[in-house]
There are 2 protein chains.
Amino acid sequence: MAATAFSDVASIDRREEVLAAAAECFMRRGYEATSMDDVAEALGATKGRVYHHFRSKPELFFEVYRRAMAILVNGAAAAEEGGGSAAERLERVSRIHVLSMMETQTFQRSLTLGADLYRFGNAGVHKAVLEELMDIRRSYEDVFRRLFAEGNADGSLGPLDPSLAMRTVLGALNWVAIWYSPQPGETRAHRERLAEDIATQVLGGYLAG
Amino acid sequence: MAATAFSDVASIDRREEVLAAAAECFMRRGYEATSMDDVAEALGATKGRVYHHFRSKPELFFEVYRRAMAILVNGAAAAEEGGGSAAERLERVSRIHVLSMMETQTFQRSLTLGADLYRFGNAGVHKAVLEELMDIRRSYEDVFRRLFAEGNADGSLGPLDPSLAMRTVLGALNWVAIWYSPQPGETRAHRERLAEDIATQVLGGYLAG
DNA sequence: GTCTATAGAAAGATAGAC
DNA sequence: GTCTATCTTTCTATAGAC
């Protein structure tokens, strides 16, 4: 029993390594241009190892995407728990969002790749699973929409269109995953400070008063 | 003389068609995954036609990228000509920027592709040309940096870090090229209205007072 | 100017050795 | 669990017909 659990953990770690390597490759080259050999090479292995853990390239990508969304959804849930006005919760959710863009950048980059696969299609990728992925994304966007609507109601945010505000704010926050590149000697405190500055600046125009 | 000029114009139009098809393909599949056959197919031709106008895939991409940047640079120059406070000029530059994201989306999408090629490299793409492309991009970003600094000086914009403000504002504006999809029956007036709403909302937090 | 035909390399996925 | 070997398709780019 203990041996089984232990071997499960080891197996999960191996799978995790493959996922991380795949996320890195997808960020660097995009979905289609990334080959299974690329992922294997990033692992210092051959693709036998990759195919042992994932049936196909689409399945590998789906798991990277789901992981990225899970990080955002869990972060937002934790940030909302503290309570406070809609503006205060929005500020905390935005800050953790930016931090995730920096600290799990390789995974987060898969979100735009997935959106493009959904919009433009791809021979080997099943539309049904992409629909599921887009649903997760939409429900996360709804968190922001709801927070803007609540802010209208509790007076902590100015009068605004929740959908447009969600798009402009998430645009500014998501863009961090595009330009951010970790600096040598950078600490978590640096990233937290940057995330705070960005969230403050982005939300400045939406606060009441 | 007239015949020569006429044939030049026709030749330029052909080249333009190839460029537009390439921009579309690069948006849909990314740089690496786009094949010269894809571009040819989008033209309803074979790749003989593509290679007649462009020596190689990198050269084709470079031209798409330069075209995208030229649209932005010319738009910003026109928007600044009207004069006014830094805030007023920033608002006009932002509006035309968003309009360009919508109306020349296929070209504008090449800008993030180019940034990734620069950052992560690619076997067939010469670093030197990518450096040139990044320089054009940086000088365009400087327009926004300068406008924020001028706004600090003339009092039309609140006190802020011009570089951070440039990144958050351009992030929100650039994100339009990611999510925007032209709607059936959509008119130019619709897009202008949307561009105005987005620019107003994004810049709301940066205005003085 | 645009086509067909072709080269050499690399892709996703599977089979079977270890 | 990971490797090597392999099948089939597709890639960039060129050569030469029309």
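The structure presented is a predicted model; accordingly, all values stated were derived computationally and were not measured. Numbered from 1 within each chain, the chains take letters A, B, ... in sequence-line order.
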Take atom [atom1] of [X] and atom [atom2] of [N], then tell me their distance rounded to the nearest Å.
| X | N | atom1 | atom2 | value |
| --- | --- | --- | --- | --- |
| B:F61 | D:dT12 | CZ | P | 15 Å |
| A:E17 | D:dG1 | CD | C1' | 13 Å |
| B:R49 | C:dT2 | CZ | P | 5 Å |
| B:R15 | C:dT2 | CZ | P | 13 Å |
| B:H52 | D:dA15 | NE2 | P | 16 Å |

Are A:R145 and A:S163 packed together at the side-chain level, in the sense that at least one heavy-atom pair is separated by less than 4.5 angstrom?
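They are in contact (side-chain heavy atoms under 4.5 Å apart), so the answer is yes.
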For this session: Please tell me if the side chains of B:Q105 and B:Y180 come closer than 4.5 Å, counting only heavy atoms from C-beta onward.
Result: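 Result yes, sub-4.5 Å side-chain heavy-atom pair found.
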Note to self: Strictly below 4.0 Å: does A:H53 bring a side-chain N or O up to OP1 or OP2 of D:dT2?
What the structure shows: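 Checking A:H53 against D:dT2: at least one side-chain N or O falls below 4.0 Å of OP1 or OP2.
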A:T46 vs D:dT2: side-chain N/O to OP1/OP2 distance below 4.0 Å:
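So the side-chain polar atoms of A:T46 never come under 4.0 Å of the phosphate oxygens OP1 or OP2 of D:dT2.
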Does the ring of B:W175 carry A:R167 above it, NZ/CZ under 6.0 angstrom from centre and within 45° of its axis?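 A:R167 over B:W175 ring: no.
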Tell me whether the guanidinium CZ or amine NZ of A:K57 lies under 6.0 angstrom from the six-membered ring centre of A:F62 and within 45° of its axis.
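Negative - A:K57 is either too far from the ring of A:F62 or too far off its axis.
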Taking atom CZ of B:R119 as the centre, does the number of heavy atoms from other residues, nucleotides or ligands within less than 6.0 Å exceed 12?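 Result for CZ/B:R119: enclosed.
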Side-chain donor-acceptor distances from residues 128-136 of chain B under 3.5 Å, at least two apart:
residue : atom : partner : partner atom : Å
B:E131  : OE1  : B:Y118  : OH           : 3.3
B:E132  : OE2  : B:R66   : NE           : 3.2
B:D135  : OD1  : B:R138  : NH2          : 3.2

Below 4.0 angstrom, N of the basic side chain to O of the carboxylate: do [X] and [Y] qualify?
| X | Y | result |
| --- | --- | --- |
| A:E103 | A:R188 | yes |
| A:D116 | B:R28 | no |
| A:E141 | A:R137 | yes |

* Quick one, which residues of residues 114-131 of chain A touch DNA chain C with a heavy atom under 4.0 Å? ->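 None, since no heavy atom is under 4.0 Å.
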Pairs under 3.5 angstrom only: tabulate donor-acceptor contacts from the side chains of residues 69-84 of chain A to other protein residues two or more places apart or in another chain.
residue : atom : partner : partner atom : Å
A:N74   : ND2  : A:A70   : O            : 3.1
A:E80   : OE1  : A:R89   : NH1          : 3.3
A:E80   : OE2  : A:R146  : NH2          : 2.6

Considering only nitrogen or oxygen atoms on both sides, find all protein atoms under 3.5 Å from nucleotides 11-18 of chain C and state each distance.
residue : atom : partner : partner atom : Å
C:dG12  : OP1  : A:T34   : O            : 3.1
C:dG12  : OP1  : A:K57   : NZ           : 3.2
C:dG12  : OP2  : A:M36   : N            : 2.8
C:dA13  : OP2  : A:Y51   : OH           : 3.0
C:dA13  : OP2  : A:K57   : N            : 3.2
C:dA13  : N6   : A:K47   : NZ           : 2.7

Under 3.5 Å, sequence neighbours excluded: what are the donor-acceptor pairs made by side chains of residues 41-56 of chain A?
residue : atom : partner : partner atom : Å
A:K47   : NZ   : A:D37   : OD2          : 3.4
A:R49   : NH2  : A:E17   : OE1          : 2.7
A:S56   : OG   : A:E59   : N            : 3.4

Q. If we fit an axis to the first five pairs and another to the last five of the helix from C:dG1-D:dC18 to C:dC18-D:dG1, what angle do they make, to the nearest 10°?
A.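 The two end axes of the helix from C:dG1-D:dC18 to C:dC18-D:dG1 meet at 10°.
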